[in-house]
Trainee: 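Here's a structure for you.
Chain identifiers are assigned alphabetically (A, B, ...) following the order of the sequence lines, protein sequences preceding nucleic acid strands; residue numbering begins at 1 within each chain.
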Protein chains: 2
Amino acid sequence: MRTPLNDPAPCEDPLRLDRQLCFQFYAASNLIGRLYAPVLARLNLTYSQYLVMLVLWEEDGQNVGAIGKRLHLDTGTLTPLLKRMETLGHLVRQRDREDERRVRISLTASGKALREEALHVPEIMTRGQDLEELDGLRRTLAGVVEALKGGRPRPDRA
Amino acid sequence: MRTPLNDPAPCEDPLRLDRQLCFQFYAASNLIGRLYAPVLARLNLTYSQYLVMLVLWEEDGQNVGAIGKRLHLDTGTLTPLLKRMETLGHLVRQRDREDERRVRISLTASGKALREEALHVPEIMTRGQDLEELDGLRRTLAGVVEALKGGRPRPDRA
DNA sequence: CTCAATTAAATTGTGCACAATATAAGTCCG
DNA sequence: CGGACTTATATTGTGCACAATTTAATTGAG
């Protein structure tokens, strides 16, 4: 039996920070957010707000739930986020007449115009990188995200 | 010249959400945190607190800055986080006598004992997964994190 | 020795994330 | 119609992240 803090085989210690895949995601996500912040600040957007804009630039007038489904965020995150974005003038929130439970999110003129500015962002952030490599990684991670969405596919409980 | 929202080649639209590598990291990190939460709750830890414990289980008695360097977090995040963990009884914070600017973080007996419980966590979280594949991905991401740490290695500005 | 510069941590203020709960609108069955 | 049920969003409360600033201890040049 092993005593705490005296693992006889520390290199195989399952709790070593560097061995945790989850930590690599956590660290990368935080560091990426920090790199985007100053670039997006010039568009008067936070990183999360930028993601919402990406969703709305693809299709304007979606309701809160549809945006949340796309970004894997719930209303506890989105409602205040969208209110801040409305205050900033990027979009407007209005109850759906057809179904008063829903809130439709529509870009303002300035919100639509902001897309032109944002077109530079991906280029700025990937400058000097191997685009083939980044795209391969993106595909790999898209698969990981897909697997995580399902709460992880159990191993076919044999 | 392209008009906003009417890109003639939408499949090559650089702003499509699914094409953003950053979003895959963001989504994966959030989803992973959600999967860990219920498992770690049984240890009375949040995900961030778990990471701090991993660092301290490797080496007890580090100061705030050393922990922050390891996790890529600053004192604005760590100070309140460590105070909460002290309240929970996982660790104690005490000024270093040698250098009164420093605060040394030491595990309590229960904090050390918690490691035994935590040993199950990596196994629970990776159950049913291809461990070779996860380790390959971990290595790839470790490289990405390393690159991000340097604020990204400029392309040797030729 | 003294005071400017540096370093370590804490504080302040903003903006996410998320679980849990609440509110209210729509649906459906008898 | 009417009440159970479901769906869509909002609210509440906690805990991060992080930039910017502050406080206090240490270092170091003159």
Trainee: Could you please name the option among C/dA10, C/dG15, D/dC16 that lies closest to any side-chain atom of A/Arg84?
Mentor: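 Comparing C/dA10, C/dG15, D/dC16 against the side chain of A/Arg84, the answer is C/dG15.
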
Trainee: Within the 4.0 Å heavy-atom criterion, would you say B/Arg104 contacts the bases, only the backbone, or no part of the nucleic acid?
Mentor: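 If one applies the 4.0 Å heavy-atom cut-off, B/Arg104 turns out to touch nothing in the nucleic acid.
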
Trainee: To the closest 0.5 Å, what do you measure between CG (B/Leu78) and CZ (B/Arg93)?
Mentor: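 So the CG of B/Leu78 and the CZ of B/Arg93 are separated by 11.0 Å.
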
Trainee: Nearest to the side chain of B/Asn30 - C/dA9, C/dC18, D/dA19?
Mentor: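 From the listed options, C/dC18 comes nearest.
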
Trainee: Nearest whole angstrom, please: distance from the C1' of D/dG15 to the CG of B/Leu45.
Mentor: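 Answer to the nearest Å: 13 Å.
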
Trainee: If you round to the nearest 0.5 Å, how far is OG of B/Ser29 from CZ of B/Arg34?
Mentor: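 Nearest 0.5 Å value for the CZ-OG distance: 10.5 Å.
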
Trainee: Would you give the length of the straight line joining atom CD of B/Gln94 to atom CG of B/Asn63, rounded to the nearest 0.5 angstrom?
Mentor: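 Reported value, rounded in 0.5 Å steps: 12.0 Å.
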
Trainee: To the nearest Å, give me how far apart CG (A/Leu31) and C1' (D/dC18) are.
Mentor: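 Spelled out: CG on A/Leu31 to C1' on D/dC18 is 12 Å.
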
Trainee: With a 3.5 Å cut-off and heavy atoms only, can you find an N or O donor on one side and an acceptor on the other between the side chain of B/Thr75 and the base of C/dA10?
Mentor: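 Pair found.
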
Trainee: Check every strand shown and say whether A/Asp99 touches a base, only sugar-phosphate, or nothing at a heavy-atom separation below 4.0 Å.
Mentor: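 Answer is sugar-phosphate: A/Asp99 comes under 4.0 Å of backbone atoms only.
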
Trainee: Can you tell me how far the CD1 atom of A/Ile32 sits from the CZ atom of B/Phe25, to the nearest 0.5 Å?
Mentor: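 Answer for the CD1-CZ pair, A/Ile32 versus B/Phe25, is 5.0 Å.
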
Trainee: Taking any heavy-atom pair under 4.0 Å as a contact, classify A/Gly76: base, sugar-phosphate, or nothing.
Mentor: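 Since a base atom lies under 4.0 Å of A/Gly76, the category is base.
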
Trainee: Using a cut-off of 4.0 Å on non-hydrogen atoms, how would the nucleic acid contact of A/Leu78 be classed: base, sugar-phosphate, or nothing?
Mentor: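 Nothing, no heavy atom under 4.0 Å.
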
Trainee: What nucleotide among D/dA17, D/dC16, C/dA10 has an atom nearest to a side-chain atom of B/Arg95?
Mentor: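 When the side chain of B/Arg95 is considered, C/dA10 is the closest of D/dA17, D/dC16, C/dA10.
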
Trainee: Contact class for B/Ser48 vs. all strands (heavy atom < 4.0 Å): base, sugar-phosphate, or nothing?
Mentor: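 It contacts sugar-phosphate atoms only.
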
Trainee: Which whole-number value in Å describes the distance from B/Arg34 CZ to C/dA17 C1'?
Mentor: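 Taking CZ of B/Arg34 and C1' of C/dA17, I get 8 Å after rounding.
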
Trainee: Record whether the side chain of A/Arg101 comes under 3.5 Å of the base of D/dT9 through a donor-acceptor pair of N or O atoms.
Mentor: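 Side chain to base: no pair below 3.5 Å.
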
Trainee: Which whole-number value in Å describes the distance from B/Lys83 NZ to C/dT11 C1'?
Mentor: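 Spelled out: NZ on B/Lys83 to C1' on C/dT11 is 8 Å.
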
Trainee: Look at the side chain of A/Thr126 and the backbone N and O of A/Pro122, then say whether any donor-acceptor pair between them is shorter than 3.5 Å.
Mentor: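 The answer is yes, because a donor-acceptor pair under 3.5 Å joins these two groups.
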
Trainee: A/Glu100 has an atom CD; how far is it from atom P of D/dT6, in whole Å?
Mentor: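 Rounded to the whole Å, the gap is 23 Å.
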
Trainee: Hey, does the side chain of B/Thr79 come within less than 4.0 Å of C/dA10's phosphate (OP1/OP2), counting only N and O?
Mentor: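 Yes, such a contact exists.
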
Trainee: Salt bridge check: are A/Arg138 and A/Asp135 linked by an N-O gap of less than 4.0 Å?
Mentor: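 A salt bridge is present here (some side-chain N lies under 4.0 Å from a carboxylate O).
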
Trainee: Send over the distance from B/Ile105 CD1 to C/dA8 P, rounded to a whole Å.
Mentor: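 The answer, rounded to whole Å, is 15 Å.
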
Trainee: Please give, in whole Å, the distance from C/dC18 C1' to B/Leu40 CG?
Mentor: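 Atom-to-atom, B/Leu40 to C/dC18, this comes out as 15 Å.
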
Trainee: Pick the nucleotide of DNA chain D nearest each of A/Arg93 and A/Gly33; which residue has the one closer to the 5' end?
Mentor: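 Comparing both residues, the 5'-ward one is A/Arg93.
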
Trainee: Reckon A/Thr46 touches a base, only the sugar-phosphate, or nothing at all at heavy-atom distances under 4.0 Å?
Mentor: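 Sugar-phosphate, backbone atoms only, no base.
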
Trainee: Quick check: on DNA chain C, is the nucleotide nearest B/Ala66 upstream (toward 5') of the one nearest B/Tyr26, or the reverse? Name the residue that is more 5'.
Mentor: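 In this pair, the answer is B/Ala66.
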
Trainee: Could you state the CE-P distance from A/Met85 to C/dT14, rounded to the nearest angstrom?
Mentor: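 Checked: the CE to P distance equals 19 Å.
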
Trainee: Within the 4.0 Å heavy-atom criterion, would you say A/Asp96 contacts the bases, only the backbone, or no part of the nucleic acid?
Mentor: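 Result for A/Asp96 = nothing.
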
Trainee: Would you kindly compare B/Arg102 and B/Ala37 by the position of their nearest DNA chain C nucleotide and give the one closer to the 5′ end?
Mentor: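 It is B/Arg102, whose closest nucleotide lies nearer the 5' terminus.
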
Trainee: With sugar-phosphate meaning primed atoms plus P, OP1 and OP2, does B/Lys69 contact a base, only sugar-phosphate, or nothing at under 4.0 Å between heavy atoms?
Mentor: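 If one applies the 4.0 Å heavy-atom cut-off, B/Lys69 turns out to touch nothing in the nucleic acid.
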
